[in-house]
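Beneath this line is the structure, given in structure tokens, with notes to follow.
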Amino acid sequence: MKLVVVESPSKAKTINKYLGSGYEVLASFGHIRDLPAKDGSVDPEHDFRMLWEVDPQSQKRVSDIARALKNADTLVLATDPDREGEAISWHVLEVLKEKKALKDQAVQRVVFNAITKQSVTEALKHPRPIDSALVDAYLARRALDYLVGFTLSPVLWRKLPGARSAGRVQSVALRLVCDRELEIEKFVAREYWSLVAKLATPRGDAFEARLVGADGRKIQRLDIGSGAEAEDFKRALEAATFTVTAVEAKPARRNPPPPFTTSTMQQEASRKLGFAPAITMRLAQRLYEGVEIGGETTGLITYMRTDGIDMAPEAISDIRTMIGRNYGNNYVPSSPRVYQNKSKNAQEAHEAVRPTSASRTPAEVAKYVDRDQARLYELVWNRAVASQMEAAELERTTVDIAAKAKTASGERVIDLRASGQVVKFDGFLTLYQEGQDEASEDDESRRLPAMAENEKLTKQSIDATQHFTEPPPRFSEAALVKRMEELGIGRPSTYASVLQVLQDRGYVRLDKKRLIPEDKGRVVVAFLESFFARYVEYDFTADLEEKLDKISNGEIDWRAVLTEFWDGFIGSVNDIKDLRITQVLDALNELLGPHIFPARADGGDPRQCPNCGNGKLSLKVGRFGAFIGCSNYPECNFTRQMTPGGEGAVQGTKVLGKDPETGLDVTLRSGRFGPYLQLGEQQKPAKKGEVVDKPKRAGLPKGVSPDDIDLDKALGLLSLPRDVGASPEDGEMIVAGIGRFGPYVKHGKVYASLEDGDDVLTVGLNRAVTLIAEKIANPKKGRRFGADPGRSLGDHPDKGGPVVVKKGRFGPYVSNNGVNATIPADKNPEELTLTDAVVLLDARAAQLGNSPRKGKAAAKGARSKATKSAAKSATKSPPTAPDAGDEKPVKAKGAVKSAAKPAAKAKAPAKTPTKAPAKAKPSKAKKSPKVAAAE
């Protein structure tokens, strides 16, 4: 019997049906081990030795595989055909060797690009050994991501309190978003005018022509810069006569785009279907693993993580036959189209993403899959089929027109031009047209009427229109993926996880399908650019990716690449560790100046404190992140959020009026946590040590804008908590106020939250009594883990168990098997689908597995279960943070070790996170070949 190991249970189930009784197919459920989330897992001092741990869930999978291997004569490793799949096979093999589960069994590695019976059975006929070069590339990438994240993140935590972490690829992607935002902020709009003449031929056919020249000189788009110039041209055109001077018609051909790679599939799904990259990859995974059609489970598309743009000869033949049958022979080119990848870092010699069978049309597949899967399949099918269709044939026509006008200074000639395009043969356009990230003005799409040279034209109208240049647009997810690919940053298979982590960590937000950097993200990027500039440079990151590709090709040694990187990187870390926070903030003030201190309308110093007048505003850091404060603190306690013009921002101090009881000013101010109200001013102590009462303050309730606050509402909020009335049961006063979790009413020790529609300033006694009675009857009402069962979306497709949308204390979230994931603000919880929820849960699970704070959580558990000495040992390693998984998500890791024996004797890592991971004692035990491979 042969034992076949694949990643997913659904893939195992399908392949088991193909192979029959002579095979047993088991799933590893992705990676079975990873680097533990603590310092010292990669040791540069010992030739980058790597310690691996098998997570608790995978222990059972490994045991199942080892048990089945006892009755097998061959182990077939059939994980995915990319670098990550090669690494999973290698991990499985190494763990089985460590468990001494492998005896005399043969070991084979097979790869297939599609889950179909033909592909799988054909692959089994051509086994090969594990590709050590691909494994080396995986080890290098994993070590790099670990060393950057687990060395740089602790520096961030110390120098920038409130920052989360920094990763190798994630930080560069974040810089792209922040750099674009800085471009937008620095942009100065420029006025320009366009002139369009609406003309008609002698046959009455109307068309439009644009001004392109005058008096023998060309006029570009921005050359007419004022209304006076535009009006001068308009007057001349109003009095002019129009004659056709030239008509030129040129044939043109438009070739189809190649079939999808991972990156282009993500881009088009974002443009045309509105899918985030993570959603696209989740849906593609389902299509790859397949559905049951006609009693047999079959994959619907080929492997979806690929840089390749070619297709197998039999697939091309299948598509060409289908085109001739369904569209006609004139849509089939004389020879098959061959595409060559222009990407500098293209690798992974796989096919493009294509349907496994061209005859399986989108309409047929839609019967067996959900709506989103059907839409993505249609996109893949259309693109693959169109790539082998005949080119579209066009005719582009340009008409030049002379407008002659008599003026006081003599005759004036103004040049106009009209452009148009006609599709003579639609070719591939009958099926597919590639989307664009930004809308563009396209006069050529218009069809022009027939005209001849020297023909006279009549004027219908002349329009002069004012325009202003616009800043570059913010990145959409599709545009950012495209830009990262152009620069050679990261791998296409990593883009989805990188974008998801940037949002999860609060570094960027998605608003109207555009990525906007948060202040937290901008501070992190400014810090990295100031002190680690080399490591967030686009060229440096792309060059590193190129070296990783050379490792996968067996051209260079992976340890040599790591050594070169680490020597420079740890030097930069050591250079900054002694810097004071004030020095760091001075550098950030300089770099972020245009953003956090924009120019004032009156021309004054943008850093002058609006409160005391002689203090200087500066970036400061606190427990909860960065904010702007005055240099005269504590004499002046002015603070505001980083972004002066952001949503809900208050400029300076706004006086709303005077309190009729005290005569003190009621002011609206901006603090580090947002706008708030204050009664009076902070009094200075008369002498040192004297305690002075602070002025009364009140925050604005959630959902209330500073623009909606007037004196009456401010006085009401400052009066809280207020007496609502005596309880009819015992006469005790019921109080209304705003607490940590929002507005409430209180009777004795019973707190009841106000509901939607209740106003804390006006809620009456009857309503308060009702809310309190309901809370007493149902004490769990309003708690985070209350009785509300939530809205079920169905079972998790991989891990089982219900996926539920719930309302939490801090907002809506989805839950599955103890993993909770916050629903982003741009998503409506009521419209969330199972696919959306699974992506959020998987990203959260991957975060938990690689959490920067995981070390502390593990130490806390150790204290409650182990001896004091064990707890002390557990807390020696500071928490650290890796990059956002460079390949497939890695499951949460526990503390079940599956490392080589020499690694088990490693000393406890050093406490200082900026130093190189601690040295490990060399083991006296004899090294096995498998340990050497791991090291």
Side-chain angles (χ1 to χ4, degrees), residues 623-624 656 659-662 664 666-669 671-680 682 691-706 708-791 804-813 815 818 820 822 829 860 864:
R623 243 180 106 191
F624 303 103
L656 301 174
D659 176 19
E661 293 186 8
T662 63
L664 298 174
V666 177
T667 53
L668 178 63
R669 303 166 182 246
R672 69 179 75 175
F673 305 116
Y676 67 94
L677 298 162
Q678 180 171 306
L679 179 62
Q682 176 74 50
V691 178
V692 178
D693 291 336
K694 291 183 178 180
K696 186 161 188 179
R697 293 172 177 170
L700 302 192
K702 186 177 180 180
V704 175
S705 168
D708 298 332
I709 297 294
D710 55 19
L711 180 61
D712 290 338
K713 186 166 285 189
L715 290 171
L717 291 170
L718 286 166
S719 70
L720 296 176
R722 69 179 181 88
D723 294 339
V724 177
S727 169
E729 293 187 0
D730 57 12
E732 186 175 351
M733 186 60 67
I734 295 176
V735 176
I738 298 176
R740 181 181 173 191
F741 305 116
Y744 65 88
V745 288
K746 172 180 174 286
H747 175 241
K749 294 184 178 181
V750 178
Y751 287 80
S753 296
L754 298 188
E755 298 178 352
D756 291 342
D758 294 326
D759 187 341
V760 68
L761 298 178
T762 59
V763 65
L765 182 60
N766 290 340
R767 177 60 177 159
V769 169
T770 300
L771 289 170
I772 290 169
E774 290 176 353
K775 185 59 180 282
I776 293 172
N778 181 12
K780 291 186 178 181
K781 182 179 181 182
R783 291 185 184 177
R784 185 178 179 186
F785 300 104
D788 179 16
R791 178 171 68 93
V804 183
V805 178
K806 296 183 177 182
K807 292 181 180 178
R809 177 180 295 173
F810 304 109
Y813 65 98
S815 180
N820 298 328
T822 301
K860 186 176 179 182
S864 64

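We count residues from 1, following the sequence as given.
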Restricting to side-chain contact (heavy atoms from CB on, under 4.5 Å), what partner residues turn up for [X], sequence neighbours left out?
{"X": "A768", "result": "V724, I734, V745"}
{"X": "E729", "result": "S727"}
{"X": "D759", "result": "L761, T762"}

Rounded to the nearest 0.5 Å, how far does [atom2] of [Y] lie from [atom1] of [X]?
{"X": "K696", "Y": "T662", "atom1": "NZ", "atom2": "OG1", "value": "11.0 Å"}
{"X": "L668", "Y": "L656", "atom1": "CG", "atom2": "CG", "value": "5.5 Å"}
{"X": "L677", "Y": "I709", "atom1": "CG", "atom2": "CD1", "value": "5.5 Å"}
{"X": "L771", "Y": "N766", "atom1": "CG", "atom2": "CG", "value": "11.0 Å"}
{"X": "L754", "Y": "I738", "atom1": "CG", "atom2": "CD1", "value": "9.0 Å"}

*Do the non-hydrogen side-chain atoms of N820 and S815 ever get within less than 4.5 Å of each other?*
yes
Measure across [X] and [Y] and return the closest heavy-atom pair with its distance rounded to 0.1 Å.
{"X": "H747", "Y": "M733", "value": "CD2-O, 4.4 Å"}
{"X": "P743", "Y": "V760", "value": "CB-CB, 3.9 Å"}
{"X": "Y751", "Y": "K775", "value": "O-NZ, 3.0 Å"}

*With sequence neighbours excluded, tell me which residues meet salt bridge (charged side-chain N to carboxylate O under 4.0 Å, His left out) with D758.*
R767
*Any chance CD of E661 has more than 12 other-residue heavy atoms, nucleotides or ligands included, within less than 6.0 Å?*
no
*Are any side-chain N or O atoms of Q678 and backbone N or O atoms of G680, one a donor and one an acceptor, separated by less than 3.5 Å?*
yes
Pairs of donor and acceptor atoms involving the side chains of residues 710-721, under 3.5 Å and at least two apart or interchain, shall be tabulated with distances.
residue : atom : partner : partner atom : Å
D710    : OD1  : D712    : N            : 3.4
D710    : OD1  : K713    : N            : 2.9
S719    : OG   : G716    : O            : 2.6

